[in-house]
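It should be emphasised that the depicted structure is a prediction, and the values quoted were computed from it without experimental measurement. A note on names: the letters A, B, ... follow the listed sequences, proteins ahead of strands, and every chain is numbered from 1.
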Amino acid sequence: GENVEQHPSTLSVQEGDSAVIKCTYSDSASNYFPWYKQELGKGPQLIIDIRSNVGEKKDQRIAVTLNKTAKHFSLHITETQPEDSAVYFCAATPGGTSYGKLTFGQGTILTVHP
Amino acid sequence: NAGVTQTPKFQVLKTGQSMTLQCAQDMNHEYMSWYRQDPGMGLRLIHYSVGAGITDQGEVPNGYNVSRSTTEDFPLRLLSAAPSQTSVYFCATGGGWGGELFFGEGSRLTVL
């Protein structure tokens, strides 16, 4: 089945800096790659996603890039703010699967220091 | 609209006890699923359902049972709890292929 590796496991930045989280996946047929943000005591929430026919997608301070050849995708957060502090998960949909049968990465704890 | 509602939020069990985690949604989604979250391991899929009367196993199904008699409800049953099932459990629903999942707030289970 699909395997998703996420790095780093923890990331500490100063407010205003950029943060980058990277994920690799194993199933070359995977075609949907979402990123979820989980705040303390809450369930994960989708923040951005990308499909395999797109190389990059931006939404204000957040961007995701996808390299299908290398089978990796990354989350970029610019001008970080303390409220960006949370756990971030990448995920991938195994090829040939309908609905949201996602395989998640291990998570990255992002801390933004004021 | 409540979205996805999980009960209970916290539960402590003794080894061998059984219990049911409840998940209810008012989003009219066909897809429902259960994940468990353990430190350093992300979220792992336990069971999922693509509609009433249809369920299937995920990555870590052993020790858990599910059924889907209505669109709204998807309970997760622990038949004989073990300490290895200590975890935070999340129910998630989705509207279709490759789309957003909506998560509940989680149920923290401790098995002694």
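Of the inter-residue distances, the one linking B/Glu100 atom CD with A/Ile47 atom CD1 reads 11.5 Å to the nearest 0.5 angstrom.
Heavy atoms closer than 4.5 Å to chain B are found nowhere in A/Gln45, neither backbone nor side chain. Heavy-atom distances place no part of B/Glu59 under 4.5 Å from chain A, backbone and side chain included. Of the atoms belonging to A/Pro44, heavy atoms from both backbone and side chain fall under 4.5 Å from chain B.
By the rule that hydrophobic residues join a cluster once side-chain heavy atoms approach within less than 4.5 Å of another member, B/Leu43 and A/Leu46 end up as members of one cluster. A single hydrophobic cluster is not seen to contain both B/Val88 and B/Val60; linkage of ILVMFWY side chains at heavy-atom distances under 4.5 Å, directly or through other members, places them apart. Neither B/Leu45 nor B/Tyr64 shares a network with the other; the hydrophobic side chains, linked directly or stepwise wherever heavy atoms of I, L, V, M, F, W or Y lie under 4.5 Å apart, form separate groups for each. Hydrophobic clustering keeps A/Val4 apart from A/Val20 (ILVMFWY residues linked when any side-chain heavy atoms are closer than 4.5 Å, directly or through intermediates). Residues A/Ile77 and A/Phe33 are members of one and the same hydrophobic cluster, defined by side-chain heavy-atom contacts under 4.5 angstrom among Ile, Leu, Val, Met, Phe, Trp and Tyr.
Sparse packing is recorded around CD of A/Glu79, with 12 or fewer heavy atoms of other residues, nucleotides or ligands lying under 6.0 Å away.
Heavy-atom neighbours of chain A within the stretch residues 104-112 of chain B, taken at a separation under 4.5 angstrom, comprise B/Gly104, B/Glu105. The stretch residues 83-92 of chain A places A/Phe89 near chain B, each with some heavy atom under 4.5 Å from a heavy atom of that chain.
The shortest distance between side-chain heavy atoms of A/Tyr36 and B/Leu101 falls below 4.5 Å.
Listed by first and then second residue, the side-chain hydrogen bond (donor to acceptor under 3.5 Å, both in side chains) pairs that reach into residues 9-23 of chain B come to none, sequence neighbours excluded.
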In a table with atom names and distances, give each donor-acceptor pair under 3.5 Å that connects a side chain of residues 103-113 of chain A to protein atoms at least two apart or in another chain.
{"residue": "A/Gln106", "atom": "OE1", "partner": "A/Gln6", "partner atom": "N", "Å": "3.0"}
{"residue": "A/Gln106", "atom": "NE2", "partner": "A/Glu5", "partner atom": "OE1", "Å": "3.2"}
{"residue": "A/Thr108", "atom": "OG1", "partner": "A/Gln6", "partner atom": "NE2", "Å": "3.0"}
{"residue": "A/Thr108", "atom": "OG1", "partner": "A/Pro8", "partner atom": "O", "Å": "2.5"}
{"residue": "A/His113", "atom": "NE2", "partner": "A/Ser12", "partner atom": "OG", "Å": "2.7"}

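Of the listed residues (B/Cys91, B/Gly40, B/Gly58, B/Pro39), the greatest number of heavy-atom pairs within a distance under 4.5 Å of chain A belongs to B/Gly40.
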